[in-house]
Amino acid sequence: MEYKWIFIALVLGTIIGVPLGKVAMTAVPQRTALSHAFGALCVALVGTAEFLPAHARCAALPDGVLSVK
């Protein structure tokens with residue numbers, strides 16, 4: 001595993017997270033909803049990446065279509 005991807009993810013998360021952390025208290029419900037939406041997107045992408053290769057009808061997909069190696 002290459003550590004550069006972890007570093008890139010940390011930098012991107014910081015760039016996105018710092019402005020999201022500086023919201024007014026009245027906007028906290030909207031910020032929470034946005035965070036949950038990003039989490040749901042991640043779960044959907046990981047679930048899709050795990051589901052598709054495990055099924056024979058998707059065997060025609062070349063390796064690396066759903067993941068970075």
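Note that these values count all heavy atoms, side chains included, but never hydrogens, waters or copies made by symmetry.
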Determine whether Phe51 and Leu45 fall in the same hydrophobic cluster, where Ile, Leu, Val, Met, Phe, Trp and Tyr are linked whenever their side-chain heavy atoms lie under 4.5 Å apart.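 No, Phe51 and Leu45 fall in different hydrophobic clusters.
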Transitively linked via ILVMFWY side-chain contacts under 4.5 Å: Ile15 with Ile8?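 No, no single cluster joins them.
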Distance, nearest 0.5 Å, that separates CZ of Phe7 from CG of Leu12: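 Spacing of CZ (Phe7) from CG (Leu12) equals 10.0 Å.
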